[in-house]
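First comes the structure, then the notes that go with it.
Protein chains get the first letters and strands the later ones, always in sequence-line order, with residue 1 at the start of each.
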Protein chains: 2
Amino acid sequence: MAGHPTRIAHALRARIFAGEHPPGSRLAEIPLAEALGVSRTPIRLALAQLEAEGLVQASAGGGFLVRRFTLPEIEDAIAVRGQLEGMAARLVAEQGLSPATRQAMEASLAAGDAALEAPLLDAAALAAYGDMNSRLHAILLEAAGNDALSRALAAITALPFAAASALVPHEGSAAARHALLRHAHHQHHLLVEALVAGQGSRAEGLMREHAENARRNLRLILAAGEPGVSPLVTQA
Amino acid sequence: MAGHPTRIAHALRARIFAGEHPPGSRLAEIPLAEALGVSRTPIRLALAQLEAEGLVQASAGGGFLVRRFTLPEIEDAIAVRGQLEGMAARLVAEQGLSPATRQAMEASLAAGDAALEAPLLDAAALAAYGDMNSRLHAILLEAAGNDALSRALAAITALPFAAASALVPHEGSAAARHALLRHAHHQHHLLVEALVAGQGSRAEGLMREHAENARRNLRLILAAGEPGVSPLVTQA
DNA sequence: ATGTAACATATTGCATGCAATCCGGTCCTG
DNA sequence: CAGGACCGGATTGCATGCAATATGTTACAT
């Protein structure tokens with residue numbers, strides 16, 4: 001009933017992100033099985049899945065440990081994301097934007113404009129922007145039509161803070177956040193412009209810089225020592 | 001005794017590559033368990049691992065099927081590999097080549113020169129070149145020092161024919177093969193030259209073109225209809 | 001004859017049992 | 001008092017049992 005190990009993997013991810021399992025701690029099977037109401041077998045499957053994602057790592061003496069992420073590791077992952085999304089942008093520009101894709105992207109751009117219009121961003125506007133952001137990146141990836149690329153990006157995005165929309169809501173000052181989001185969304189506009197114009201190299205560069213943005217934001221957030229950012233990321 | 005599921009995954013990979021399990025066929029657990037002398041449990045773990053790699057896919061009604069690879073899919077994977085290895089080359093060039101890394105690379109270059117020196121390449125020379133090729137790519141990745149990048153590349157390389165050295169031994173005409181390898185190794189020389197000079201963009205472009213090479217070779221091989229290339233790849 | 005429905009078989013997926021192994025504590029010895 | 005070895009407990013990893021479900025076949029009705 002509680003079923004699919006993918007579902008269990010989701011639950012475990014949530015628990016880890018919530019800080020219930022600190023980095024370096026053992027993920028014992030029996031307590032997890034009891035907590036989730038299933039047997040040890042699907043738990044083990046889910047743990048193996050999370051290991052493939054890189055969220056946990058196998059311990060030397062058996063079992064799994066919550067992986068400890070350092071700031072440079074996350075930055076590296078973000079750079080890889082930029083490289084891969086840059087490739088997606090280049091491919092789309094080189095193939096030419098289909099009318100349907102262009103329409104979907106422009107709809108996302110408009111949604112982003114609307115979300116950022118207000119001088120003060122409430123939670124709803126932030127959520128709307130985050131949705132728009134995920135959608136736009138998904139449209140780009142879909143339009144690239146490269147399954148291997150999608151797989152590679154999915155693996156990267158599974159890591160905390162490497163995903164495109166992972167950094168949106170965690171910013172400190174509201175004004176600073178608004179400025180950052182406006183800048184990011186301006187890059188979205190430039191990207192679509194480049195895609196429409198068939199400028200592959202420019203589109204690729206824009207996506208790399210877009211990710212570089214995320215890297216800089218991450219540094220700012222951690223430097224500010226914001227509490228509860230993520231229990232998984234250690235400064236050094 | 002037969003133990004680790006990773007070992008079983010290796011065995012399954014070999015069986016699949018050998019054509020014992022044609023694309024689209026079910027991988028039934030019980031026969032595999034009997035054939036490998038273990039129980040169904042580690043078999044299942046290994047299958048999940050192969051699914052994460054993309055070599056098999058979960059069937060709708062349960063169980064796993066051998067994935068069918070089409071030529072465009074492999075080409076896409078090769079392109080992603082080029083993008084990622086291009087990133088590795090750029091990073092190394094930007095960081096500057098450490099003396100140890102430079103020495104290791106130049107040793108590999110010399111080994112490649114030696115392997116390709118003879119006008120006719122015997123099996124030993126081909127094996128030596130293949131080893132050198134893998135080593136050089138590994139050195140580059142290691143020098144890049146980006147774990148997320150290494151992971152992404154490992155996932156891509158696990159796919160058949162997407163790996164850097166997957167295409168070396170399968171060529172038809174000996175003379176044509178020699179020319180191809182010479183060209184590829186010339187690119188290796190140019191790459192190291194760019195790395196030494198700190199030319200990041202050039203190094204990246206060279207690695208992309210290097211992968212493009214592999215893509216072209218793959219097309220040639222499949223167009224020639226060479227038998228036994230791989231039972232996994234279907235023309236369309 | 002063809003499509004459908006019911007059945008028998010086989011296979012998956014999860015739960016649990018059991019041996020091997022690893023970790024922690026305590027006792028002994030120098 | 002310190003170091004090491006032995007021992008008890010707990011945990012992992014694999015094997016197997018069992019229920020649920022998908023698959024292929026056959027019989028039947030139209």
Side-chain angles (χ1 to χ4, degrees), chain A residues 1-16 18-68 158 231-232, chain B residues 1-16 18-68 158 231-232:
Chain A
M1 208 167 318
H4 283 331
T6 298
R7 178 147 186 64
I8 297 176
H10 260 288
L12 289 180
R13 247 181 256 130
R15 290 173 67 104
I16 292 174
E20 291 186 49
H21 301 278
S25 65
R26 282 183 78 87
L27 289 170
E29 297 175 358
I30 298 176
L32 291 178
E34 289 176 1
L36 298 180
V38 293
S39 164
R40 287 170 41 212
T41 306
I43 296 283
R44 173 176 298 269
L45 265 298
L47 286 173
Q49 194 170 329
L50 293 184
E51 189 199 12
E53 286 180 7
L55 200 72
V56 308
Q57 54 189 359
S59 170
F64 295 93
L65 272 55
V66 178
R67 180 168 160 194
R68 188 183 308 274
L232 292 180
Chain B
M1 201 179 317
H4 283 332
T6 299
R7 178 145 186 66
I8 298 177
H10 260 287
L12 289 180
R13 248 180 256 131
R15 290 173 68 104
I16 292 173
E20 292 185 48
H21 301 277
S25 65
R26 283 181 77 88
L27 289 170
E29 298 175 358
I30 298 176
L32 291 177
E34 288 176 0
L36 298 179
V38 293
S39 164
R40 286 170 43 213
T41 306
I43 296 282
R44 174 176 299 268
L45 265 298
L47 286 173
Q49 193 169 329
L50 293 184
E51 189 199 12
E53 286 179 8
L55 200 72
V56 308
Q57 54 189 1
S59 170
F64 294 92
L65 272 56
V66 179
R67 179 168 159 194
R68 188 184 309 274
L232 292 180

Pairwise side-chain contact, A/Leu55 with A/Arg67, heavy-atom cut-off 4.5 Å (strictly under): no
Length of the line joining A/Arg26:CZ and D/dG13:C1', which is rounded to integer Å: 12 Å
Non-hydrogen side-chain atoms of A/Leu32 and A/His21 separated by less than 4.5 Å: yes
Pairwise salt bridge (charged side-chain N to carboxylate O under 4.0 Å, His left out) hits with a residue in residues 54-66 of chain A, at least two apart: none
Partner residues of B/Arg15 under the salt bridge (Lys or Arg N to Asp or Glu O under 4.0 Å) criterion, sequence neighbours left out: B/Glu20
Heavy-atom pair of closest approach, residues B/Arg26 and B/Gly63: NH2-CA, 4.1 Å
Length of the CD-C1' vector between B/Glu29 and C/dA10, whole Å: 12 Å
Residues that B/Glu53 engages under salt bridge (Lys or Arg N to Asp or Glu O under 4.0 Å), provided they are two or more places apart: B/Arg13
Nearest heavy atoms of A/Leu36 and A/Ala11, plus distance in Å: CD2-CB, 4.2 Å
Interface with DNA chain C, restricted to residues 43-53 of chain A and to heavy atoms under 4.0 Å: none
A/Leu65 CG - C/dC23 P separation (whole Å): 11 Å
Closest non-hydrogen atom pair, B/Ala52 against A/Ala52: CB-CB, 4.2 Å
Whole-Å gap separating C1' (C/dC14) and CD1 (A/Ile30): 16 Å
Working for side-chain contact (heavy atoms from CB on, under 4.5 Å), residues A/Gln49 and A/Ile8: CA-CA 10 Å; A/Gln49 194 170 329; A/Ile8 297 176; over 6 Å; no
Stem segments of DNA chain C by first residue number [Watson-Crick or G-U, under 3.5 Å, at least 3]: C:1-30 with D:1-30
Distance, rounded to the nearest Å, where A/Leu32 contributes CG and D/dG13 contributes P: 13 Å
Beyond-backbone contact of A/Leu12 with A/Leu27, side-chain heavy atoms, under 4.5 angstrom: no
Spacing between B/Arg7 atom CZ and D/dG13 atom P, to the nearest angstrom: 18 Å
Sub-3.5 Å pairs of nitrogen or oxygen atoms, protein against nucleotides 15-21 of chain D:
unit_1: D/dA15; atom_1: OP2; unit_2: B/Ser39; atom_2: N; d: 2.6
unit_1: D/dA15; atom_1: N7; unit_2: B/Thr41; atom_2: OG1; d: 3.0
unit_1: D/dT16; atom_1: O4; unit_2: B/Thr41; atom_2: OG1; d: 3.3

Closest contact, heavy atoms only, A/Glu51 versus A/Ala58: OE2-CB, 3.5 Å
